[in-house]
Amino acid sequence: MDFGLSEEHAALQQVAKQFVDRHCPPALAKEWDETNAYPAELFKAISDIGWLGLPFPEEAGGDEGGPIELAIIAEQLGRASLDIAMCFIGTLIPSLTVYKWGTDAQREHIRDNMLKGVGRYAVAMSEPGTGSDAAALRCEAVDKGDHYVVNGQKMWCTGAGLPDTKIMMYVRTSKGDKKHHGITLLLVDADTPGLERRQAPTLARHILGTYEIFLTDVIVPKENLVGEQDQAWKIMLSNLELERVLMSGGYVGVAQSTLDEALEYSKVRTAFDRRIGDFQSLAHDMANMQVEIDSARLLAYRAAWMLSQGLACSREGAMAKLKGSETYVAAARLGMQICAGHGFSTESVMSFRWRESIVAPISGGTSQIQRNGIARSMGLRAY
Ligand SMILES: Cc1cc2nc3c(=O)[nH]c(=O)nc-3n(C[C@H](O)[C@H](O)[C@H](O)COP(=O)(O)OP(=O)(O)OC[C@H]3O[C@@H](n4cnc5c(N)ncnc54)[C@H](O)[C@@H]3O)c2cc1C
């Protein structure tokens, strides 16, 4: 048994740490969030350093990097903020999905564009009427021979407003016996006629932005079909484990930053002639939080390791996602209590952490949905 990072992994961790210090320190992430800024230079830097290509096969110009390397990067980017980690994860997961299931032309597009720092991918599963119950989606695509005509609405499509974005959109092409049947995956350019976007007003996630999408008679050519018509449910599930591993890495990174920031504050802020961190009630809370974060980290890297070994890790991925996301919320809540009035000021980084943390146990599958999956793996029904 070995809990340490290999020399190569430790070196990657160091590079990623320096990358965050240089390109996206937390205060800058907060500023981007508050100004709804599109940090083009950050996306370029992520691409230039080769991280977007990392998990792709060599023939695509990639490095065949695995889940552990990706989790290390996600964790370090998470030190800046969850949204910054999502700048990486949010385009990587859909592009890997398209690369796996798509046509040669779709793969070529990824090679010639995203892997060269041009263009991004976003995912549109959720709709106003359905989120957790993704298979209940209703947005309809009618097969017209050489193209589809799409009508309906999507909700919460993260990154759909960024330049050169292709939306990986799940639509209904038929109604089978079961709701999982009849779902199809289409690649839709964000600027296709008939498609309108509206940025959702949200507490955070402002760097990438998350969008409502309205589709009225949108024409999507057949060559934008990914995989087989009506068979996209299995595509939707195919990268779920990796997505959970990477999200968990991001949560652990941001939870650790949050605690580090609270700890630092507790060492300089004084009350009753002593450092507030030396009050036992706060010291124990911070000690407990470090235990929580280490537990979340171990779960995240266990799932990453299992995936790297080709082992099924749906249960372990759900555990890591659940623990990591809830730990971020708990760390931000504690950080606010320790920073007190200073934290409540929207000028503090801690206030940004608190705002942003709330979405962690919601997006990418809620905590309840993770618990359902874990309970099912224990032989329980868990609706
Ligand atoms: C900032 C943000 C970004 C997002 N980005 C994307 C994106 O890029 N693409 C995309 O497709 N979607 C995205 N989403 C949508 C996200 O995946 C959904 O919000 C999430 O799956 C929950 O769906 P919902 O909000 O509709 O809640 P609902 O599904 O309506 O759930 C409401 C409540 O009921 C609980 N619940 C539902 N079903 C069960 C059950 N079976 N057992 C127990 N409890 C249950 C939920 O846990 C929750 O507490 C994003 C959401 C947010 C907030």
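The pair Arg355-Asp33 meets the salt-bridge criterion, since a charged nitrogen lies less than 4.0 angstrom from a carboxylate oxygen. By the 4.0 Å N-to-carboxylate-O rule, Arg197 lies too far from Glu212 to be salt-bridged with it. The pair Arg371-Glu326 meets the salt-bridge criterion, with a side-chain N (NZ, NE, NH1 or NH2) lying under 4.0 Å from an Asp/Glu carboxylate O. Under the 4.0 Å criterion applied to side-chain N and carboxylate O atoms, Glu140 and Arg172 are not assigned as salt-bridge partners. One finds a salt bridge joining Asp48 and Lys44 here, because a Lys/Arg side-chain nitrogen approaches an Asp/Glu carboxylate oxygen to under 4.0 Å. Using a 4.0 Å cut-off between charged nitrogen and carboxylate oxygen, Glu34 and Lys30 count as a salt-bridge pair.
Between Leu195 and the choices Val150, Asp189, Ile213, the side chain to side chain contact (heavy atoms under 4.5 Å, CB included) rule is met once, by Ile213. Applying side chain to side chain contact (heavy atoms under 4.5 Å, CB included) to Tyr148 and the options Thr173, Val142, Ile219 leaves one that passes, Thr173.
The salt bridge (charged side-chain N to carboxylate O under 4.0 Å, His left out) analysis of residues 315-324, with sequence neighbours excluded, yields the pairs Glu292-Lys323.
A donor atom on one side chain and an acceptor atom on the other are found under 3.5 Å apart for Glu356 and Ser81. Side-chain contact annotation: Ser238 with Trp101, donor-acceptor N/O pair under 3.5 Å present. A donor atom on one side chain and an acceptor atom on the other are not found under 3.5 Å apart for Gln106 and Asn224. Under the 3.5 Å distance criterion, with hydrogens and angles disregarded, a donor-acceptor pair is assigned to the side chains of Gln370 and Arg244. Remark: the His9 side chain and the Glu69 side chain contain an N/O donor-acceptor pair separated by less than 3.5 Å. Under 3.5 Å, the side chains of Gln290 and Gln256 contain a donor-acceptor pair of N or O atoms.
Ring geometry, Tyr265 versus His342: the interplanar angle falls under 30°, so the pair is classed parallel (tilted spans 30 to 60°).
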Might you work through the salt bridge (charged side-chain N to carboxylate O under 4.0 Å, His left out) test for Lys179 and Asp133, ending with a clear yes or no? CA-CA 10 Å; Lys179 62 186 174 185; Asp133 187 6; 2.8 Å; yes
